[in-house]
Q: 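Take this structure, written in structure tokens, and hold onto it; I'll ask about it next.
Reckoned from all heavy atoms, side chains included, excluding hydrogens, waters and symmetry mates.
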Amino acid sequence: MGKKGKGTGSFGKRRNKTHTTCRRCGRKSYHIQKSTCSACGFPAPRKRTYQWGQKAIRRKTTGTGRMRYLKDLPRRFKNGFQEGTE
């Protein structure tokens, strides 16, 4: 087997994982040796976003997930944030 190049023969030698799941964004982008996430930039306090990646920002923005807290805010605001009234 020819294992000199970077083709078929070399793929058998690849067994070390460089990335694992990130604590902040949940993607498999946390580089173990660098200790940084390539997707969100963790552990940096600011989230990693770039203007050249408009489509990536659109995928991750508010409204793409469940919005467990935000989705009922307009209704609660309309009623003056009342609680426990019957």
Q: Answer yes or no: is there a side-chain heavy-atom contact under 4.5 Å between Thr18 and Gln33?
A: no
Q: Quick one: are Phe42 and Arg23 in side-chain contact, heavy atoms under 4.5 Å?
A: yes
Q: For Ala39 versus Lys60, what's the shortest heavy-atom pair and its separation?
A: O-NZ, 3.4 Å
Q: Is the side chain of Thr61 donor-acceptor paired with the backbone N or O of Arg58 at a distance under 3.5 Å, no angle test?
A: no
Q: Measuring from Gln54:CD to Thr49:OG1, what's the distance to the nearest 0.5 Å?
A: 9.5 Å
Q: Taking all heavy atoms of Thr62 and all of Met67, pick out the closest pair and write down the distance.
A: CG2-SD, 4.0 Å
Q: Of all the heavy-atom pairs spanning Arg14 and Lys6, show the shortest one and how long it is.
A: NH2-O, 3.8 Å
Q: Ser38 versus Tyr30: any side-chain heavy-atom pair under 4.5 Å?
A: no
Q: Would you say Arg24's side chain and Cys40's backbone share a donor-acceptor pair under 3.5 angstrom?
A: yes
Q: Please say whether more than 12 non-hydrogen atoms of neighbouring residues, nucleotides or ligands are located less than 6.0 Å from NZ in Lys71.
A: yes
Q: Is there side-chain contact between Cys22 and Ser29, with at least one heavy-atom pair below 4.5 Å?
A: no
Q: Which heavy atom in Gln82 sits nearest to a heavy atom in Thr85, and how many Å separate them?
A: CD-OG1, 3.9 Å
Q: Distance check, rounded to the nearest 0.5 Å: Lys28 atom NZ versus Thr20 atom OG1?
A: 7.5 Å
Q: What closest approach, in Å, do Gln51 and Ile57 show between heavy atoms, and which atom pair accounts for it?
A: NE2-CD1, 4.4 Å
Q: Tell me, do Phe81 and Leu73 make a side-chain contact under 4.5 Å, heavy atoms counted?
A: yes
Q: Considering all heavy atoms of both residues, which atom of Ser35 and which atom of Pro43 are nearest to each other, and what is their separation?
A: O-CD, 3.2 Å
